[in-house]
Every structure is written in C-alpha cells, then in structure tokens.
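Reviewing the structure listed below.
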Amino acid sequence: MTTPDHPSVHPAWLPDAATSFLRGRTVRVVGDGPLAETVRGEARRAGATLVDGDADLVLRDTGAVPGGEGFVVAHGDGHLDVAADDDAALLHAWFHVVRTGTTDPAGHADGRHEPAHALRMLDHWDNVDVHPVMGQVERGYSGGSIFYADGRVREDLSRVEQYARLLAATGVNRVAINNVNVHAREARLLTDGLPDVARVAAAFRPWGVRVHLSVSFASPIVLGGLATSDPLDPDVRAWWAGAVARVHEAIPDFGGFVVKADSEGQPGPFAYGRDHADGANLLARALAPYGGTVHWRAFVYDHAQDWRDRSTDRARAAYDHFAPLDGRFDENVVVQVKHGPMDFQTREPVSPVLAAMPRTRLAVELQVTQEYTGQQRHACYLGPWWSEILRFRPWGPVEGDDGSPTVSDVVGGAGPGASPQVAAARGGGIAAVSNVGDDAFWTGHPLAQANLYAFGRLAWDPALDPTDVLDEWVSLTFASPSVAGDRAIDPDVRAALHDVLDDSWRTYESYTAPLGVGFMVNPGHHYGPSVDGYEYSPWGTYHFADRDGIGVDRTRATGTGYTGQYPAPWRDVYESLDTCPDELLLFFHHVPYGHVLHDGTSVVQHVYDTHFAGVERVEAYVRTWEGLRGTVDDAVFERVAERLAEQLRSAREWRDQVCTYFLRASGVADAHGRRIY
Ligand code: GCV
C-alpha cells in the first residue's frame, strides 16, 4: 500500500486522533448482524472497552425497520442510548457519535436521524487495463485504480477496505466499480471476472456498501456470442437472465448495473430501432428477481454535431430523449440524470429532466472528480455547488423557501405528481463520480478529500450547511494528538482551511467560467484555458463569441427553445433578460459585450474584473497556506503547497488568455487600466 513517492498512505479522515475521545469509554453493542461486528471492531480500534452491562454508549439494533438505516438518539440514565433500525443503522449511528466527538449525553440532542435518500452511490470510472488515452481511471486525478493493477483485480484489497470504511463514515451505501465506458476487458467482469468482483464485494460488505457493475449493452454479442443485443429478442433476454443469475450466485447482495447506452459511442438499443425504456427494462427484468437495480444514464446527446448547424442544442438532448419515456420504465430502473444539461461544468442550470419525469425513479448525478473544476490541482470545494443544486426548486419560488419541492425531494420520490411506485421506492437517490485513486493522499490534492466527504454527507442530508460539513471534515481529518484535549484542532489550521476552501468553488468560477459560459478548456484532457477550444468541434459546446457579443440564445423567442423545457416560473425567468440570473446569463442569452448586468457592470468589464479578482484570491490562498508550515503534517503541507503553486500559475494563465481574448474581440478597454495582453 505504498506509492513510489510516499512511504505510506495518508489516513484521510478518521485517523486514530479523531476517535481518541472514545479511549477508555465503555461501549455496549446489542445486535448480531455482521455490521454489529464491524461496530465492535471500531470500538476496539478506538480504545473503548466493550461491555455487556451498563455503558457510556449503548448501541442497539432493534431490527424494527429493516432497510430503514435510521436511528434514534436518546439520553439514557447517565449514558447515551441509540436505537438503530437495522444493523446498517448501527454503523451509521456509530459514525454519528464519532462525528459528534463525545459520548456525553449533554453533547447530543435527542432525536431521529435517517438518510434523505435510500441510494447514495459512488461511480468509479476505473478501467482494469490502462486505457491508451484516458489512463487507468477516466477523468481520474489521483493516480491509478484502487481496485485493479496489472490487468486484473488486485490481490491485496486492504486499500479497498480502508476506502469502504471512509465511505461508511459518510453514509455512502453503493459503489459501482468500473467505468461507464465499458471496454473489452472490463466487460468481462460480468462473466469470467466474477470471482474477483466477489472479492471486492466482500471488502465492502462489512461497511454496509453494496457493489454494482457498469455493463456493456452489447454484452450478449461480445460475451455471449449472440448475433444481436436487441432488447426484444428472446435469446437476448435469456442471456441476461442467465448472466444475472450467475452474478447473484457469486454475490448474493449484488446491487445492479450502471449503463451508458447510445452515448459517446457506447452501444445501445437504438441500433435495433428500440428506445431507452426497452433497453433499461431488459436489464431490469433480469435483475428484478434478486432485488437489483438498473442505473440507466440520461447522458445521451449527439457528439457528432456540425458546429455550423445552429438549430441543434446539446442542452436539449437529455430531455428530448427521456421526458417522452416517462412512465415506461420498470420499478427497478433508476434514470440517472447529470445535474446540468451539459456536462458537469463549473456553472450550469439544473437539468430540466429532473422536473419532467414524475413516473420514473430519477437519480441526480454529481461529479466529485474535478474534471471541469481544476482536476484536483486547484482547490475547489464543491459542497456549496451541490447544495445549490439539491435545494433548487424546479417549480419555484425563485426566491425564498415556501416548502415547495426541491431537486432533493424529486430524487427522493417526493416530487409533484410522483407515482405511487416512485414514492414507495423513495426515488433513485444521488450518485456521483468518485475522485479516489491509489495516490498516497487518496485524492491527489489532499484538500479534495473534502469533496468526497461532503458528497456522502449531503446525500444523507441535503439540508446540511456545506460549510458545516466542511468543518466536520476538518475536525475528523486534522485532529491532532499534539493539541491538548480530545480530538482538538489547532484553531489556526481550522481557520486556514476555511479560508482556502469555503469560497473556492466561486473563486474557481471567477477565473474560468464567467456568467455561465462553459467549456473554454483545452479539448481532450479539459485542463487549462482555451477559449475557442471547443468552438468548432462536433461536441456541441459553443459560446458563439464574436466581435459584438457572446452567449448561446436558448430562448423560445429567438433561440433553440431550451427554456421551454422548464416548468414555470423558470421557463419565463430564464427567457427574459430582465430576470435571468447574471451567473447564467450567457448560458441562456447571446448579448452584446456592453450589456449591463444587474449589478451595473457591463459583460466585458465583468469578465475582466472577475478574472483579476480570482487570481488575487488564489494569491491569498497561497499566503494562508504558507502560514501553516510546521503546523500540519509535512507531507500534506508540501503536497498542498505544490498544488496551490500550480493553481496560481494556471489561474494567471486563465486570466490572461480570457481577458486578452475578449479585449481583442470586443475592443473594449478595461475600465481599471490593468495589464491585458
Ligand atoms: C465516462 C464526459 C467525460 C467523459 C465521460 C462522460 C460521461 O463527457 O468527459 O470522460 O465518460 O462525460 O459522463 O459518460
């Protein structure tokens, strides 16, 4: 478990110092499920004494709500008493106490805790083999895969066990272990790779995490030797039924399949004149007898567009493909929708698909790996962004909280008009692309761990304040035995981490993606600025900047009509220049550079101002971090310092390229006379 550069793996959150408050405490765990054993192991590891009688902390598996995952915290007679729904809840309750940092009943409020979402899933875009272009982990910035090495599943899965523990502490309960782009070698995980997948599942099982596989829709052809993968063909159905039966023999708690079909070159039902419901239901029916789920991705669009064709709008694609299919998907299909209509950009509106399919279990898909948000070389804490998405109210109100349904409600099966089946299944939950690899710090940039942590916590409870979640991560990660008191954190360390991370997503936005413009990145690897990188490409990702103005007209009145995919009030809010929020202006409208924003600044001046301000913020991050030299672990300090230096270099490059491009295009000088090239 070493990397060439580092002698050991950094423990991430939950180093022993984080549980030091449990040393010498008495703990009683009542329950005989396998996860009760895991809790006992954690108690021993923390130095607590396991007892059968009176204890400081009593954790009881009541078995009252199998699959409920919730627990009730109550004040016993001088001790803390926790009644858990089932043994998964026992483990959640344990980590709840760890997060709270005390067994003293006075430190806990009475009450029930339960996850807002039943499915809280991380998708790994890991390949078994090293892909010639994408590397081993597609869009991975943390080294190689923790699952695979040398063309097979690793013999030593102890790193996976550590990962499973980290995930359990955040509440994640599902993991898909291979890339949604399923290449030839990875397709075979479903058949001859099964014994190895079973070993991976065994590493996750004690932590309450079920394993899923990404599968190729063409499996009946590539693995089964059939002439077709037509979802309505009886031989194809029989092949999938047999394949799933063998999976469940090897892995009785197998979670199900993730499928990217008819998207970016992946095979799918279109080849046979069938639609996505036909395709998803084929797999769903094979999985249904075993309680498995199909996560069918809605990321479907034409990636071979002609940039000259102004009528095609990639943003429209997922809705156009999927909304008409509402009501056609089986109960164990989850349609997994990227949070925005494009592709995990720094800023996008929420996908209108999330408001358009009340009779379908929907999951919202986030991206923890920072493909478009700095690739784990830039500090970019995404909790605030995800929080905005999950709290967004697709049916309004535009401002304030009147209790109207949110995105989180929709994917929890409680959106308006949700069918009884969707409500009973509690929707499709939340999924995200993981950012972990075999890097010594797990995530390349040590501070990118905060995103992994925040994903799990916000999937459990989207109402949490993302800054509080960050603070939890700081407490659990930077607990230091050298600071007096149980699990004490040096206040300077806490303050510095908040200083660097709290607003880091908005800082990143300020120097890379003004007013909702996306994709001004280098094609292929997507790192660093290239204003016209995708402007004449087939990927459908344009900003249409010319000498007069910039932005994509997606209005109903004069543009692609995308605004019409939203329900009221957003269809009208986005349609009108008067009401469209500034941060999404150029996503919805093509405007002249002199167009005046709500804050009174012109578009081009806003571009200049934000880019200069963003670089200044990064300069401040560098200074703040430098102040921690000698206070945090040297290896962590050095890695973060090195990443911040790159962030500053890159932010300056963004500023200078973007400002120069728009100065040249518009001919409008910077009002503050700063140096633009
Ligand atoms: C796994 C984007 C990424 C691809 C990724 C795709 C997806 O296009 O650049 O690497 O493929 O999204 O989500 O399927």
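Please read these numbers as outputs of a predicted model, since none were measured by experiment. Just so it is clear, the values below take in all heavy atoms, side chains as well, and ignore hydrogens, waters and symmetry mates. Whatever order the structure lists ligands and atoms in, that order sets their numbers, starting from 1.
- Ring pair H526/F519 is perpendicular by interplanar angle, where above 60° counts as perpendicular and below 30° as parallel.
- Annotation: Y141 is not in aromatic contact with H525 [ring centroid separation under 6.0 Å not met].
- Protein residues with any heavy atom under 4.0 Å from ligand 1: W125, E138, R139, N179, V180, N181, K260, E264, R297, F299, K338, D343, E371, Y372, H526.
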Check the pair E138 / N179 against side-chain hydrogen bond (donor to acceptor under 3.5 Å, both in side chains), numbers first and verdict last. CA-CA 7 Å; E138 181 156 345; N179 189 359; 2.9 Å; yes
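- In terms of the ring-ring contact (aromatic ring centres under 6.0 Å, His included) criterion, H117 has no residue partners (sequence neighbours excluded).
- Listed by first and then second residue, the ring pair (Phe, Tyr, Trp, His ring centres under 6.0 Å) pairs involving residues 340-359 are H339-F344 (not counting sequence neighbours).
- Remark: T541 pairs with no residue by the side-chain hydrogen bond (donor to acceptor under 3.5 Å, both in side chains) rule, at least two apart or across chains.
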